[in-house]
Amino acid sequence: MIHAMALGTWTSRALLQWTSRHFERQGIDRPRLAAEMLLAHVLGVDRLRLYMEPDRPASELERSAYRNLVERAAAHEPVDYLVGQSPFFSMMLSVGPAVLIPRPSTETVLEHVIHHARHVLGFHAPLIADIGTGSGAIAIGLARHLDQAKIVATDISPDALKVARDNAVSYGVDSRIEFCLGDLLEPLGSRQFHYLVSNPPYISRHDIPLLSADVIDWEPHDALFSENNGMQHIENLIENSSTYLV
């Protein structure tokens, strides 16, 4: 791999090009982004710096560290876990094996709530419940874009709540998010909310053979799988949510 270059030097540009092609051949999701995240992590810079200094040569020590991470990523260890961060809704959230890696598709939840709260009377200072908060991605994103919102974020995992709380502190919104340990709606008590949002477990265990290695081997199963063909958590939320809505 990145041991030597016949007629030149391994620059940031060359490393990204080689790694992107390698990841694409290995079936790694978003291969260019994965390469950028790993190289930026090794060099201790943000991803933009890679393009501001594309001809920066990598030292042997940097190449060695990068090589190790590339090999692990090519073996389907999640890149986000390798660097300890995941991009989501213009944020970089800390992540680890205790929480799911936030997916871009989840951003539509935030977009819908933010648009509704800004354009419908009576929702400018909403109370929001985020059920199964994980890394805190939804709760923190909403708190950052709705500056009068107050949010209760629940999760069944104490380790996940610690990750979420730390992320909230890093973005300065922890004073408006209450983190509660418990299963689904149970921690909400008798409180009522303007919005109830969630990205709950929704995968059937029958679909395990369809999942990629980076998901099934690394991400927390309690946050992935739901009984009743993947519908148990969703049905619970739908059937009981009216009790908690204003």
Side-chain angles (χ1 to χ4, degrees), residues 78 80-81 83-114 116-117 123-202 218-226 232-234 236-246:
D80 304 71
Y81 290 166
V83 303
Q85 290 185 312
S86 185
F88 181 82
F89 213 66
S90 301
M91 300 181 288
M92 285 297 291
L93 298 173
S94 294
V95 295
V99 299
L100 287 182
I101 296 168
R103 266 57 173 193
S105 57
T106 305
E107 295 181 357
T108 59
V109 176
L110 286 80
E111 292 166 353
H112 179 80
V113 173
I114 292 168
H116 188 272
F123 287 84
H124 69 284
L127 301 175
I128 303 172
D130 175 24
I131 309 303
T133 193
S135 65
I138 293 177
I140 295 166
L142 291 176
R144 292 185 70 215
H145 288 82
L146 298 172
D147 57 12
Q148 295 189 62
K150 294 185 178 180
I151 301 168
V152 175
T154 77
D155 206 284
I156 199 170
S157 165
D159 292 336
L161 284 179
K162 183 181 185 309
V163 173
R165 187 177 290 109
D166 289 346
N167 279 324
V169 169
S170 70
Y171 279 99
V173 295
D174 54 300
S175 65
R176 291 190 289 117
I177 303 178
E178 177 186 352
F179 295 97
C180 298
L181 179 67
D183 189 23
L184 293 177
L185 301 164
E186 179 271 330
L188 301 183
S190 60
R191 288 177 287 188
Q192 291 188 310
F193 301 84
H194 296 94
Y195 302 101
L196 193 157
V197 297
S198 183
N199 182 23
Y202 63 87
W218 293 95
E219 298 200 59
H221 287 194
D222 286 347
L224 290 171
F225 299 111
S226 187
Q232 180 174 304
H233 290 81
I234 294 173
N236 184 308
L237 291 172
I238 292 174
E239 291 170 2
N240 297 292
S241 61
S242 61
T243 302
Y244 299 94
L245 292 171
V246 172

CD1 of I156 to CG of D183: how many Å apart, nearest 0.5 Å? 4.0 Å
Residues forming a side chain to side chain donor-acceptor pair (under 3.5 Å) with S226, sequence neighbours excluded: H233
Nearest 0.5 Å, please: how far is CG in L188 from CG in L127? 11.5 Å
Could you tell me whether the side chain of D155 and the main chain of G134 form a donor-acceptor pair under 3.5 Å? yes
State, yes or no, whether a side-chain contact exists between D222 and P201 at a heavy-atom distance under 4.5 Å. no
Is there a side-chain contact between E178 and K150, using heavy atoms and a 4.5 Å cut-off? no
Under the side chain to side chain contact (heavy atoms under 4.5 Å, CB included) criterion, do L142 and V113 qualify, and how do the steps go? CA-CA 8 Å; L142 291 176; V113 173; 3.9 Å; yes
Between D159 and A98 the two heavy atoms that sit nearest each other are CB-CB, 3.7 Å
Counting N and O atoms only, with roles assigned by atom type, does the side chain of E219 sit under 3.5 Å from a partner on the main chain of I101, one being a donor and the other an acceptor? yes
Taking the six-membered ring for Trp and the full ring for Phe, Tyr or His, determine whether the centres of F225 and Y202 are under 6.0 Å apart. no
Could you measure the distance from the CE atom of M92 to the OG atom of S170? Nearest 0.5 Å is fine. 11.0 Å
Okay, side chain of N236, backbone of Q232: is any donor-acceptor separation there less than 3.5 Å? no
Non-neighbouring partners of D166 that pass salt bridge (Lys or Arg N to Asp or Glu O under 4.0 Å), sequence neighbours left out: K162
State, with a plain yes or no, whether a side-chain heavy atom of V152 is found less than 4.5 Å away from one of R191. yes
Examine distances only and state if a side-chain atom of R176 and a backbone atom of A143 form a donor-acceptor pair shorter than 3.5 Å. yes
Nearest heavy-atom neighbours spanning S157 and A160: OG-N, 3.0 Å
For the pair N199 and V109, evaluate side chain to side chain contact (heavy atoms under 4.5 Å, CB included) and give the outcome as yes or no after the intermediate values. CA-CA 9 Å; N199 182 23; V109 176; 5.9 Å; no
Closest non-hydrogen atom pair, A168 against I140: N-CD1, 3.4 Å
Can you run down the ring pair (Phe, Tyr, Trp, His ring centres under 6.0 Å) pairs that involve residues 141-189, sequence neighbours left out, and say none if there aren't any? F89-H145
Report the distance from atom NE2 of H194 to atom NE2 of H116, rounding to the nearest 0.5 Å. 10.5 Å
By salt bridge (Lys or Arg N to Asp or Glu O under 4.0 Å) - contacts of R165 (at least two apart): none
Pair listing, side chain to side chain donor-acceptor pair (under 3.5 Å) test, anchored in residues 86-99, at least two apart: D80-S86
For I138 versus F88, what's the shortest heavy-atom pair and its separation? N-CE2, 4.4 Å
Using every non-hydrogen atom in the two residues, find where P187 and G182 come nearest and quote the distance to one decimal. CG-CA, 3.4 Å
Is H221 atom NE2 crowded by more than 12 heavy atoms from other residues, nucleotides or ligands, each under 6.0 Å away? yes
Indicate the ring-plane relationship of Y195 and F123, choosing parallel, tilted or perpendicular according to the 30° and 60° boundaries. tilted
Closest non-hydrogen atoms of Y81 and V99, given as atom of the first, atom of the second and distance, are OH-O, 2.6 Å
Looking at S241 and L237, would you say the former's side chain and the latter's main chain have a donor-acceptor pair under 3.5 Å? yes
Go through I131 and V197 one step at a time and tell me if the side chain to side chain contact (heavy atoms under 4.5 Å, CB included) criterion holds. CA-CA 6 Å; I131 309 303; V197 297; over 6 Å; no
Under the side chain to side chain contact (heavy atoms under 4.5 Å, CB included) rule, what do L146 and I114 come out as? Steps first, then yes or no, please. CA-CA 7 Å; L146 298 172; I114 292 168; 4.3 Å; yes
With Q192, which residues qualify under side-chain contact (heavy atoms from CB on, under 4.5 Å), at least two apart? V246
Quick check on D174: does its CG atom have over 12 non-hydrogen neighbours (other residues, nucleotides or ligands) under 6.0 Å away? yes
Without hydrogens or angle criteria, can the side chains of T133 and D130 be said to hold a donor-acceptor pair below 3.5 Å? yes
Below 4.5 Å, heavy atoms only, C-beta onward: do P102 and V95 meet side chain to side chain? yes
Do side-chain atoms of N167 reach the backbone of L93 as a donor and acceptor pair under 3.5 angstrom? no
